[in-house]
Asks: 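Structure in structure tokens, see below.
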Number of protein chains: 2
Amino acid sequence: MDDENIEKEAEKKENLDKTTEKQILSAAKRIFHVKGLDGARMQEIADEAGINKAMLHYYFRSKENLFEAIFNEDCVGFFAKLQELISVDLPLLAKIEYFVENYIDLLLKNSYIPAFILNEIHHNPERIKNVFIEKGIHPGNRFIEDIRSAISLGIINPIDPRQLIINIIALCIFPVVARPIVSTVLNFDDDSYTKFIESRKKEVSKFIINSIKIN
Amino acid sequence: MDDENIEKEAEKKENLDKTTEKQILSAAKRIFHVKGLDGARMQEIADEAGINKAMLHYYFRSKENLFEAIFNEDCVGFFAKLQELISVDLPLLAKIEYFVENYIDLLLKNSYIPAFILNEIHHNPERIKNVFIEKGIHPGNRFIEDIRSAISLGIINPIDPRQLIINIIALCIFPVVARPIVSTVLNFDDDSYTKFIESRKKEVSKFIINSIKIN
DNA sequence: GAATGGTTTAACCAACTGGTTAACACAAAA
DNA sequence: TTTTGTGTTAACCAGTTGGTTAAACCATTC
């Protein structure tokens, strides 16, 4: 491969992130995340992507198709990451610490995603089933086994593993999803609220482990 | 007041619950709760109320006005109830038990409200500020004092009272808001999921108190 | 340099949306 | 009985929406 070819390859690779299709997807993501399926306008997405509205239909045929592309990608990415975090090979209590810290971090870096997914599922609960069926995602099972075994080993107090999992996830997600309410009620500005959630990385795992650990 | 008048008064009172305005409000509530502001159609609300679409505008002038009537009523009712629950005169740990049990009960009986409020605030965060400013709602302050005093009395472990409040509310609300996801992931049917949340009335307060109580 | 085929555009369209209007119904007041 | 004001309706309207189309563009192939 001579210099010229190398150059061309590099150029191609650079442009991969800027194909029309990817531009549409990233613009659509930004609009859908903020306005939701019903609130988003195809024209607005086209403007955001800096292209003609007809292009959206050329690449994705319909608004519903474009939306599903975003929604499914977000869901798969989000649940895959969750699955990855709970699959790390650590003893239960350390795993909980690891999970909480990294999950809150993930949430802070993708703060629109949880509310977006929750909203859209609330308006159309069938969607989530499609994602799980088509994409074959089954988070949780591994974690349930870890909890059962920690209970029988006398490491933690008996608890329904499903209740514990819900508790862990609730404590991580809620402050992100309810951010506008909580920060208003507790008089936080944007920056101090982010710090407040940051501090939950330690606080939440302390709170959970205090509750379940046998001394 | 003779018999005839008494009869008329009774009739009036009965019809109070069935005035056109109330019919509109209850129909609009059902539609907005399920479809949200952007997804709801004025025609659909009119059909649901069994009246002409022009009546909606006769009574509420615009979709936004009608929506705000519902949204504000829901918010005020919801936060007022929350405030009532945390204002009961009990020692902290008993208060937490009392709160969790009654709050989860409230959530189960109004299962659309939390997701509805969260969704609409996510699409328009300004809304919540209007509610708090106009209606003068300030939940939480009383509870924060209770927590501080329980810490200094050595009843519970030191914890940022705001963190504890968020934890309590998160543990109650999340399973209701994320119901479609959780019940799909954990393979619940509708009935068993309701029972699962019912059982959290005891589980959650146990979980919290285990975590903070000094033995 | 003509033909090819994927990409892009401006103009267009039918259906829908929130909102208006003018006429009508009807009970209470005059 | 007439008047008046509130409640109600069907028909209508202008603006918006998702979606289409036919022509133009442009790099590649022959």
Side-chain angles (χ1 to χ4, degrees), chain A residues 4-5 7-32 34-71 120 123-124 127, chain B residues 4-5 7-32 34-71 120 123-124 127:
Chain A
E4 205 179 330
N5 272 337
E7 224 174 90
K8 272 184 190 170
E9 284 301 306
E11 203 178 313
K12 262 189 199 169
K13 208 167 188 180
E14 179 126 14
N15 283 345
L16 265 182
D17 292 349
K18 293 171 183 169
T19 56
T20 306
E21 191 172 338
K22 301 233 171 184
Q23 269 179 281
I24 292 173
L25 282 170
S26 89
K29 189 168 279 199
R30 266 169 276 144
I31 301 293
F32 279 134
V34 174
K35 308 215 166 180
L37 172 57
D38 292 327
R41 298 287 156 248
M42 293 297 267
Q43 186 59 59
E44 201 182 0
I45 294 171
D47 293 346
E48 175 83 12
I51 55 155
N52 191 288
K53 180 167 69 92
M55 294 291 278
L56 302 181
H57 292 94
Y58 178 75
Y59 280 93
F60 293 92
R61 269 188 31 238
S62 69
K63 186 187 186 185
E64 174 66 22
N65 271 336
L66 177 55
F67 177 81
E68 264 178 31
I70 305 291
F71 181 81
E120 298 304 333
H123 291 327
N124 184 357
R127 266 186 220 291
Chain B
E4 205 179 331
N5 272 338
E7 223 173 272
K8 272 184 190 171
E9 286 300 306
E11 203 178 312
K12 262 188 198 170
K13 210 168 187 179
E14 178 126 13
N15 283 345
L16 265 184
D17 293 349
K18 294 170 184 170
T19 55
T20 307
E21 190 171 339
K22 301 232 172 184
Q23 269 179 281
I24 293 174
L25 282 170
S26 90
K29 189 169 280 199
R30 268 169 275 145
I31 302 293
F32 279 135
V34 175
K35 309 215 166 179
L37 171 57
D38 292 326
R41 298 287 157 250
M42 293 298 265
Q43 185 59 59
E44 203 182 359
I45 294 171
D47 292 346
E48 176 85 10
I51 54 155
N52 191 289
K53 180 166 71 91
M55 294 293 278
L56 303 181
H57 292 94
Y58 179 74
Y59 281 94
F60 293 91
R61 269 188 31 238
S62 69
K63 187 186 186 186
E64 175 66 23
N65 271 337
L66 177 56
F67 177 82
E68 264 177 31
I70 305 291
F71 181 81
E120 299 304 333
H123 291 327
N124 184 357
R127 266 184 218 292

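Order of the sequence lines sets the chain letters (A, B, ...), proteins ahead of strands, with each chain counted from 1.
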Asks: Please list residues of residues 41-55 of chain B whose heavy atoms come under 4.0 Å from any atom in DNA chain D, ordered by number; otherwise none.
Replies: B/Asn52, B/Ala54, B/Met55

Asks: To the nearest 0.5 Å, how far apart are CD in B/Glu120 and CD1 in B/Ile70?
Replies: 11.5 Å

Asks: Mind checking what makes side-chain contact (heavy atoms from CB on, under 4.5 Å) contact with B/Glu64, not counting sequence neighbours?
Replies: B/Leu37, B/Ser62, B/Glu68, B/Arg127

Asks: Nearest 0.5 Å, please: how far is CZ in A/Arg41 from NZ in A/Lys63?
Replies: 5.0 Å

Asks: Can you tell me how far the CD1 atom of A/Ile24 sits from the CD atom of A/Glu21, to the nearest 0.5 Å?
Replies: 7.0 Å

Asks: Provide, to the nearest angstrom, the distance between the NE2 atom belonging to A/His57 and the P atom belonging to D/dT17.
Replies: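 Those two atoms, NE2 and P, are 13 Å apart.
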
Asks: Carefully, step by step, assess A/Tyr59 and A/Leu25 under the rule side chain to side chain contact (heavy atoms under 4.5 Å, CB included).
Replies: CA-CA 10 Å; A/Tyr59 280 93; A/Leu25 282 170; over 6 Å; no

Asks: Please determine whether a side-chain nitrogen or oxygen atom of A/Tyr58 lies at a distance below 4.0 Å from atom OP1 or OP2 of D/dT21.
Replies: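 No, because none of the side-chain N or O atoms of A/Tyr58 sits under 4.0 Å from OP1 or OP2 of D/dT21.
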
Asks: Return all side-chain donor-acceptor pairs below 3.5 angstrom for residues 43-52 of chain B, not counting sequence neighbours, or 'none' if the list is empty.
Replies:
| residue | atom | partner | partner atom | Å |
| --- | --- | --- | --- | --- |
| B/Gln43 | NE2 | B/Asp47 | OD1 | 2.9 |
| B/Glu44 | OE2 | B/Lys35 | NZ | 2.9 |
| B/Glu48 | OE2 | B/Arg30 | NH1 | 2.3 |
| B/Asn52 | OD1 | B/Ala54 | N | 2.8 |

Asks: Need the bend value for the helix from C/dG1-D/dC30 to C/dA30-D/dT1: angle between end axes, 5 pairs each end, nearest 10°.
Replies: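 What I find for the helix from C/dG1-D/dC30 to C/dA30-D/dT1 is an axis angle of 20°.
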
Asks: Hey, what do you get for CZ (B/Phe67) to NZ (B/Lys29), rounding to the nearest 0.5 Å?
Replies: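 If we round to the nearest 0.5 Å, B/Phe67:CZ and B/Lys29:NZ are 12.0 Å apart.
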
Asks: Checking all strands, does A/Tyr59 fall into the base, sugar-phosphate, or nothing category for heavy-atom contacts under 4.0 angstrom?
Replies: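 If one applies the 4.0 Å heavy-atom cut-off, A/Tyr59 turns out to touch the sugar-phosphate alone, with no base involved.
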
Asks: What are the residues of residues 61-68 of chain A, sorted by number, that bring a heavy atom to within less than 4.0 Å of DNA chain D?
Replies: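 Those residues are A/Ser62, A/Lys63.
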
Asks: Atom CG of A/Leu37 to atom P of D/dT17: distance rounded to whole Å?
Replies: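 After rounding, the reported distance stands at 14 Å.
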
Asks: Reading DNA chain C 5' to 3', which nucleotide is the first, and which the last, to come under 4.0 Å of any heavy atom in chain A?
Replies: C/dG6 to C/dA10

